[in-house]
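Following: one structure in structure tokens, then a few remarks.
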Amino acid sequence: MSFEIIWHKNFYGISWAYEKDRLVVSIVFEDKDEAVRIAEKVKQWSEKFTRLTIIEKENGEYSLCSYQDPQISKTKTNIGLFRTGMIQAGGYEQVKPLILEKPPLLQIAFAKDVRDMKTYEQISPLITLRKCRIISESDLKKQEFFYEKAAEADHSDIA
């Protein structure tokens, strides 16, 4: 069993929705085959050990990091989702209070045309996230954010 996480970073972005009285974070892919592959892996995550961390950057951007804790996972390979360079304005400012109130749900989505919401398709079921945290960039120095720091350090590579 490996404690390493293979980070998937080449998705288009995220969208926010509200469903079943909870905020939903949709990880949006432009490649349907890739979305299906990732959804199959994410569906296997145990809701007891799922994490979502939003890292607020000093430059006004934020990163999103989601994974299943590999120290507890029973799978041979562990994947995580990571995206950086998103702006802390507009949609993020509106959903931040909802994130702080109750951990959101996660889903994998495909968009034939990312500019047209009518082309969005839900690929995975809604996945419960056990632990959701909003941290500052300086918090990455703490040991408890080891995997988030690893994703940030490795963000120039695309898995």
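From a predicted model like this one, the values you see are computed outputs, not experimental measurements. Count residues from 1 along the sequence.
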task: Check the pair Ile27, Ile38 against side-chain contact (heavy atoms from CB on, under 4.5 Å), reporting the backbone distance first and the verdict last.
output: CA-CA 10 Å; Ile27 306 296; Ile38 299 299; over 6 Å; no
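- Counting non-hydrogen atoms of neighbouring residues, nucleotides and ligands closer than 6.0 angstrom, the OH atom of Tyr18 exceeds 12 such neighbours.
- When every heavy atom of Ala35 is checked against every heavy atom of Ala109, the shortest pair comes out as CB-O, 4.1 Å.
- Rounded to the nearest 0.5 angstrom, Ile123 CD1 and Glu40 CD are separated by 10.0 Å.
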Verdict with supporting geometry, Glu4 and Tyr147, side-chain hydrogen bond (donor to acceptor under 3.5 Å, both in side chains): CA-CA 9 Å; Glu4 186 178 330; Tyr147 292 109; over 6 Å; no
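- The aromatic rings of Trp7 and Tyr67 lie perpendicular to each other, with more than 60° between the two planes, well past the 30° mark.
- Nearest heavy atoms, Lys43 versus Ser124: CG-CB, 4.4 Å.
- When Arg83, Lys57, Lys141 are each tested for a salt bridge (charged side-chain N to carboxylate O under 4.0 Å, His left out) with Glu152, only one passes: Lys57.
- The hydrophobic cluster containing Ile14 does not contain Ile135, counting ILVMFWY residues as joined when their side-chain heavy atoms lie under 4.5 angstrom apart, directly or transitively.
- Between Lys118 and Asp116 there is no salt bridge, since none of the side-chain N atoms of the basic residue sits less than 4.0 Å from a carboxylate O of the acidic one.
- Heavy atoms only, all atoms of each residue included: Leu81 and Trp45 are closest at CD1-CH2, 4.5 Å.
- A salt bridge does not link Glu148 to Arg51: none of the charged nitrogens lies less than 4.0 Å from a carboxylate oxygen.
- Criterion: ILVMFWY side-chain heavy atoms under 4.5 Å apart, direct or through other members. Under it, Leu129 and Tyr62 are part of a common hydrophobic cluster.
- Side-chain polar atoms of Asn59 and Glu137 form no donor-acceptor pair below 3.5 angstrom.
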- request: Check the pair His8, Arg37 against side-chain contact (heavy atoms from CB on, under 4.5 Å), reporting the backbone distance first and the verdict last.
  value: CA-CA 11 Å; His8 291 272; Arg37 277 193 317 277; over 6 Å; no
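- For the atom pair Asn10 CG and Glu30 CD, the distance stands at 10.0 Å (nearest 0.5 Å).
- A continuous path of Ile, Leu, Val, Met, Phe, Trp and Tyr side chains, each step under 4.5 Å between heavy atoms, connects Ile134 with Leu52, placing both in one hydrophobic cluster.
- A heavy-atom distance below 4.5 Å is not found between the side chains of Arg133 and Ile54.
- A donor-acceptor contact shorter than 3.5 Å is absent between the side chain of Ser63 and the backbone of Thr84.
- Met86 and Val24 fall into different hydrophobic clusters, where Ile, Leu, Val, Met, Phe, Trp and Tyr side chains are chained together by heavy-atom contacts under 4.5 Å.
- Summarising the geometry of Cys132 relative to Ile99, their closest heavy-atom pair is SG-CG2, 3.4 Å, with the distance given to 0.1 Å.
- A 6.0 Å sphere centred on NZ of Lys149 holds no more than 12 heavy atoms belonging to other residues, nucleotides or ligands.
- The two residues Pro97 and Glu93 have their closest heavy-atom pair at CD-O, 3.4 Å.
- Counting only heavy atoms from C-beta outward, the side chains of Phe82 and Ile5 never approach each other to under 4.5 Å.
- Within the hydrophobic cluster formed by Ile, Leu, Val, Met, Phe, Trp and Tyr side chains joined at under 4.5 Å, directly or through other members, Tyr120 is accompanied by Tyr12, Val28, Val114, Met117.
- In this structure, the separation between OG1 on Thr128 and CZ on Arg22 is 5.5 Å, given to the nearest 0.5 Å.
- Arg130 approaches Glu47 most closely through the heavy-atom pair CB-O, 3.0 Å.
- Aromatic ring centroids of Phe29 and Phe11 lie under 6.0 Å apart.
- Between the OG1 atom of Thr53 and the CD atom of Glu56 there is a distance of 12.0 Å, given to the nearest 0.5 Å.
- In this structure, the separation between CD1 on Ile127 and CD1 on Ile108 is 6.0 Å, given to the nearest 0.5 Å.
- Taking NZ from Lys112 and NZ from Lys32, the interatomic distance works out to 9.0 Å, rounded to the nearest 0.5 Å.
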Name every donor-acceptor pair, under 3.5 Å, that has one atom in a side chain of residues 100-107 and the other anywhere in the protein, sequence neighbours excluded.
{"unit_1": "Gln107", "atom_1": "OE1", "unit_2": "Gln122", "atom_2": "NE2", "d": "3.4"}
{"unit_1": "Gln107", "atom_1": "NE2", "unit_2": "Ser26", "atom_2": "OG", "d": "2.7"}

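- For Ser138, the side chain to side chain contact (heavy atoms under 4.5 Å, CB included) partners are Ser136, not counting sequence neighbours.
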